[in-house]
Amino acid sequence: MAKARATVFFCKECGYESAKWMGQCPGCREWNTFVEAPTAKKASPARGLGAGSAGTGAAMERRPQKLSEIQSAMEARMSTGMEELDRVLGGGLVGGSLILVGGDPGIGKSTLLLQVCRNLAESGHKILYISGEESLSQIKLRADRLGTFSGELSFLCETSLELISDVIIEERPEAVVIDSIQTMYREDAGTAPGSVGQVRESTNTLLQLAKGNDITIFIVGHVTKEGTVAGPRMLEHMVDTVLYFEGERNASYRILRGVKNRFGSTNEIGVFEMRGDGLAEVPNPSEYMLSGKPVGASGSVTACSMEGTRPVLLEIQALVCRTNFGMPRRTAAGTDYNRVNLLIAVLEKRAGLRLSDCDAYVNIAGGLKVNEPSLDLGIVMALASSHRDIPVDDSMMVFGEVGLSGEVRAVSMVEKRVQEAAKLGFTSCVLPRVCLGRIQEPPAGLKLIGVGNVQEAIDLIAR
Ligand code: TYD
Ligand code: MG
């Protein structure tokens, strides 16, 4: 019995783990993909060791300690030279931490980390970049695009973790990049690189290296079809910080999002733009998102979404036209399709707009994906504006949640949104009336228009 419980099986297609063998994988529905993890029994003591030293930085200390006796290791932070990244990390790199950078292939993870390495080396740190995916000449090609490099930055193409451990212990760098975890392998783990067992064992080795030698290690992880870093989320539990690098491949902006952070908040995002010479920071995302907004066009509304603690202004576009076929077509790009349908129904019922014989297309310009209720009012006004073919005032910003009775409900962080609108030169702001009282100091030059329901809001759209 005890033996059966210790054995772990996993699906070699999607990494689904189970205590017993199964013919069909419940995760990916493939047949005959379950294999026994050969390291399951060996893994336990190794994991115990790792967990023992994790987070404390002092593996030798076995005696329980009072809070006042523990020395805080979190004070010294290394700046990555990129403000956007430092903010997501909670104020810079913590020594001895393990950071997972996940994202789709080709999104720019290697580019980002190469730039971080360059900045760190320039400010006098010793850095090692280990690639299991690219040859040294490929790395050089990329580096040439990024500009000049100086300081103690060295490169190694290697996939064997035993060798990598030796090199790290010998070279003693302050930070190491492992690109990517899916290419790394430990011979004693038995399975192929990229499999669940290998990824777990490799991460474990890196965890012990990081904690035992006070080295900051970045791990690159490709995201699988299912949207998790392979294997199934278990990597996330082992590391200190998980960052996801996302964005549309055909749009040039990229968002770095903190998903887990033992040393800071996960509310922050960093915005970058992929250029010909690498990633550039975008310190003012609102301006970036609104560049190219048409002037005097119907169906275009500026709304405000909160990305972490940062307000980002964006453009909502709607196009409403008569349907040529029996069934009206509705699409939503960048926001929730069902939410758009619901808002169309609210407009129809509560504001008397006849949309049932119209096609309606809603789009968040710039390729951002936002599912925040505060966009509701913007979507509603964009739809009404397009339906009437009357533009919404270009210097107006709109936010608020819409309820099923057509009421406009309060949203969070009102003051921040209002200030962002004022900062970017908007002269009026439509917001839930209940939120008006929450604004202590209304910014000068910004007219606040409180609305109680959808009808009041769309009455503002007039020539
Ligand atoms: P890369 O960092 O290799 O992605 P990942 O490591 O996440 O797989 O980035 C790949 C893409 O970035 C590639 O399509 C080319 C583009 N790119 C630029 O547009 N500008 C640049 O300066 C660099 C280095 C890459
Ligand atoms: Mg890469």
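Reckoned from all heavy atoms, side chains included, excluding hydrogens, waters and symmetry mates. Numbering of ligands and ligand atoms starts at 1, following listing order.
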Q: Return the orientation label for the Phe272 and Phe245 ring planes: parallel under 30°, perpendicular over 60°, tilted otherwise.
A: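 The arrangement is perpendicular - the two ring planes meet at more than 60°.
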Between [X] and [Y], is any side-chain donor less than 3.5 angstrom from a side-chain acceptor?
X	Y	result
Ser180	Glu133	yes
Ser298	Asp389	yes
Asn119	Thr80	no
His222	Gln182	no
Glu315	Ser300	yes

So for ligand 1, is [X] a polar contact partner (N or O within less than 3.5 Å, distance only)?
X	value
Gly276	yes
Leu146	no
Pro105	no

Q. Given Gly106, Ser252, Gly147, Ala280, which has its nearest heavy atom closest to atom 5 (P) of ligand 1?
A. Gly106
If you count the non-hydrogen atoms of other residues, nucleotides and ligands that lie under 6.0 Å from [atom1] in [X], is the total more than 12?
X	atom1	answer
Lys260	NZ	yes
Gln24	CD	yes
Arg329	CZ	no

Q. Any protein heavy atom under 4.0 Å from atom 18 (C) of ligand 1?
A. yes
Q | side chain to side chain contact (heavy atoms under 4.5 Å, CB included) assessment of Arg262 paired with Ser97 | A | CA-CA 9 Å; Arg262 288 194 181 137; Ser97 60; over 6 Å; no
Who's the nearest protein heavy-atom neighbour of [atom], and how far?
atom	answer
atom 3 (O) of ligand 1	Arg142 NH2, 2.6 Å
atom 6 (O) of ligand 1	Ser110 OG, 2.6 Å
atom 12 (O) of ligand 1	Met274 CE, 3.2 Å
atom 2 (O) of ligand 1	Thr111 OG1, 2.6 Å
atom 22 (O) of ligand 1	Gly278 N, 2.6 Å

Q) At a 4.0 Å threshold, what atoms of ligand 1 neighbour a non-hydrogen atom of Asp277? A) 22 (O)
Q) Of all the atoms in ligand 1, which lie at a distance below 4.0 Å from a heavy atom belonging to Arg275? A)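 Once the distances to Arg275 are compared, the set is 18 (C), 19 (O), 20 (N), 21 (C), 22 (O).
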Q.
Can you tell me if Gly108 contacts ligand 1 (heavy atom of the residue under 4.0 Å from the ligand)?
A. yes
Q. Counting heavy atoms only, which part of Arg145 comes closer than 4.0 Å to ligand 1: side chain, backbone, both or neither?
A. side chain
Q) Any N/O/S atom, backbone or side chain, of Ser110 lying under 2.8 Å from the Mg ion (ligand 2)? A)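 Checking Ser110: at least one N, O or S atom is under 2.8 Å.
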